[in-house]
Amino acid sequence: MPELPEVETVRRMLESHVLGRVTRSVRLSSQKLRSSAIPAGFAKRLTGRRLLAARRHGKYLMIDWSDGLTLLSHLGMSGRWLFYPDQPPNHLEHVHLRVEFADGSRLWFQDPRRFGLLRLVPTERLDRDPSLALLGPDPIATPPTAEGLMEIARNTRIAVKNFLLDQRRLAGIGNIYASEILHRAAVDPRRRSGLLGEDEWRRIAAEIPAVLTEATERMGTTFSMYRTLWNEPGTYGDRLTVYDRAGEPCLICGTPIRRIVQGQRSTFFCPSCQAKRKGTKSRIPQPRRGGRPRRRPS
DNA sequence: ATCCTATCCTGTAGGC
DNA sequence: TGCCTACAGGATAGGA
């Protein structure tokens, strides 16, 4: 579910509202997350620690605690960090981690599908963690250049949509924003990365941070699962130009948006704006203003 | 090496 | 209403 903008939204909220709090009790669910190696003593090691910083690389969130401890987390498809200053809900399913702070506030990690990750790592060894070690640059911390992308793409035959999803090349883009970026860059998602021209990479390089930043400003995109730290939906769904709009008119040219499957995942694009030609001088689609509200999250 | 497929889970929407 | 299928924002092991 969550891509860079959703994780960054949560990170900012942790930074502004949870920083400095000290843990009083920590409870782990017995239900195991798919990718978490949770060592014995997890809860005990986190007890009595002060939250010092919240960092992010790509879709990974890193929460630093006192005494050199970092909680590495990935939201997978359905993970949520939720903060309750006062009363937490009585019944909430799939809560894997419950942290209670000394002031009575609580921080929970919920993940119904259990594709997420929680791992407690010594801060100094974080960069050697297998999940982080292979990640490419974060496109917000290090905005990509046309030249850089072209270099990474040299000699690869992978479709550009799947290229954008590969976290070892760039860390943070997921299935929604890959489609959005390519639509705004006017590049056909099926094009082989190694065959794209410099002008196309230039447009892609510009749209990557543009789309991710705009989405972050709107606290991400909520279809169903994703929520902010305050359990609120993100509103970038109102700005999506192609994702989940199969059959609806392209906001630039009116051509019906198409859905195809690449790597067992949906890709949405405009067959006209993103015509499969090299060096096309297409108009760059602009984000829509206002527009009809998207489906309300449940 | 590179690319692709299947798989891990639960919840929900839509067709009948 | 209920049953069934398809699909969902991700990463990754293993095979071609």
Side-chain angles (χ1 to χ4, degrees), chain A residues 1-10 29-37 56-61 72-81 92-96 109-119 129-136 152-182 190-195 211-212 215-216 218-228 233-240 242-247 259-268 294-298:
Chain A
M1 127 207 352
E3 309 181 29
L4 186 155
E6 290 75 29
V7 180
E8 175 62 14
T9 299
V10 172
S29 156
S30 54
Q31 183 84 275
K32 277 178 76 174
L33 294 168
R34 176 165 145 77
S35 9
S36 296
R56 182 191 58 73
H57 186 111
K59 303 173 194 174
Y60 285 87
L61 186 63
L72 179 65
S73 123
H74 192 294
L75 300 176
M77 288 285 248
S78 57
R80 292 175 181 168
W81 280 103
L92 189 61
E93 295 206 277
H94 309 296
V95 180
H96 294 93
F109 183 80
Q110 181 194 33
D111 184 6
R113 289 178 73 178
R114 293 191 270 130
F115 289 176
L117 173 148
L118 289 176
R119 191 182 289 151
D129 187 278
S131 298
L132 299 179
L134 295 177
L135 288 183
I152 308 171
R154 259 213 331 215
N155 300 326
T156 183
R157 299 183 54 73
I158 195 173
V160 61
K161 156 72 178 333
N162 293 331
F163 176 97
L164 292 179
L165 289 182
D166 186 345
Q167 305 298 299
R168 291 165 307 185
R169 298 181 156 103
L170 285 178
I173 300 168
N175 208 39
I176 292 182
Y177 300 116
S179 282
E180 294 297 309
I181 288 162
L182 290 175
R190 299 164 294 185
R191 294 285 304 283
R192 305 279 187 186
S193 314
L195 301 179
V211 168
L212 297 178
T216 302
R218 305 195 117 233
M219 310 224 243
T221 304
T222 294
F223 278 96
S224 57
M225 297 305 300
Y226 162 72
R227 294 297 146 99
T228 72
T235 60
Y236 193 74
D238 296 341
R239 299 295 164 109
L240 296 176
V242 285
Y243 188 84
D244 200 35
R245 296 192 63 241
R259 172 187 180 272
I260 59 174
V261 173
Q262 295 181 286
Q264 297 113 236
R265 312 193 69 191
S266 295
T267 300
F268 299 88
R294 299 200 52 87
R295 88 164 79 129
R296 267 295 107 194
S298 45

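Labels below follow one simple rule: chain letters A, B, ... track the order of the sequence lines, proteins then strands, and each chain is numbered from 1. Everything numeric in this text was worked out from a predicted model, so none of it was measured. All values below come from the heavy atoms of this structure, side chains included, with hydrogens, waters and symmetry mates left out.
Here C/dG15 presents its C1' atom at 14 Å from CD of A/Q264, a figure rounded to the nearest Å. Rounded to an integer number of Å, the gap from CZ of A/R34 to P of B/dA6 is 15 Å. Rounded to an integer number of Å, the gap from A/E3 CD to C/dA8 P is 13 Å. Going from atom CD of A/Q167 over to atom P of C/dT12 covers 9 Å, rounded to whole Å. Taking atom CD1 of residue A/I152 and atom P of nucleotide B/dT2, one finds them 13 Å apart after rounding to whole Å. Between the P atom of B/dG11 and the CZ atom of A/R227 lies a distance of 15 Å, rounded to the nearest Å.
At a cut-off of 3.5 angstrom, the base of B/dC9 holds no donor-acceptor pair with the side chain of A/R114.
Of the candidates C/dA8, C/dT12, C/dG10, the closest approach to any side-chain atom of A/Y243 belongs to C/dA8. Closest approach to the A/I158 side chain among B/dT10, B/dC3, C/dC7 is made by B/dC3 (side chain taken as heavy atoms from C-beta onward). With B/dG11, B/dC9, C/dG10 as the choices, the nucleotide that has an atom nearest any side-chain atom of A/R113 turns out to be B/dC9. Checking C/dT12, C/dA8, C/dG10 against the side-chain heavy atoms of A/R259 singles out C/dA8 as nearest.
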Side chain to side chain contact (heavy atoms under 4.5 Å, CB included) assessment of A/L212 paired with A/E3: CA-CA 9 Å; A/L212 297 178; A/E3 309 181 29; 5.6 Å; no

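Along DNA chain B, the nucleotide closest to A/G263 and the one closest to A/E93 are compared, and the more 5′ of them pairs with A/G263.
Ring orientation note: the planes of A/Y243 and A/F268 are nearly perpendicular, at an angle over 60° on the 30°/60° scale. Between A/Y236 and A/Y177, the ring-plane angle classifies as tilted under the 30° and 60° cut-offs.
Backbone-only contact: A/R169 has heavy atoms under 4.0 Å from sugar-phosphate atoms and none from a base. Heavy atoms of A/R265 sit under 4.0 angstrom from at least one base atom.
Pairing each heavy atom of A/V7 with each of A/P2, the nearest pair is CG2-CB, 4.2 Å.
When side chains are defined from C-beta on, A/T156 counts as touching A/R169, because their heavy atoms get closer than 4.5 Å. Using a 4.5 Å heavy-atom threshold, the side chains of A/L135 and A/R168 count as separate.
Comparing the P positions of B/dC9 and C/dC3 gives a spacing of 24 Å, expressed to the nearest Å.
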Structure string for DNA chain C in dot-bracket form, Watson-Crick and G-U at under 3.5 Å, | interchain: .|||||||.|||||||

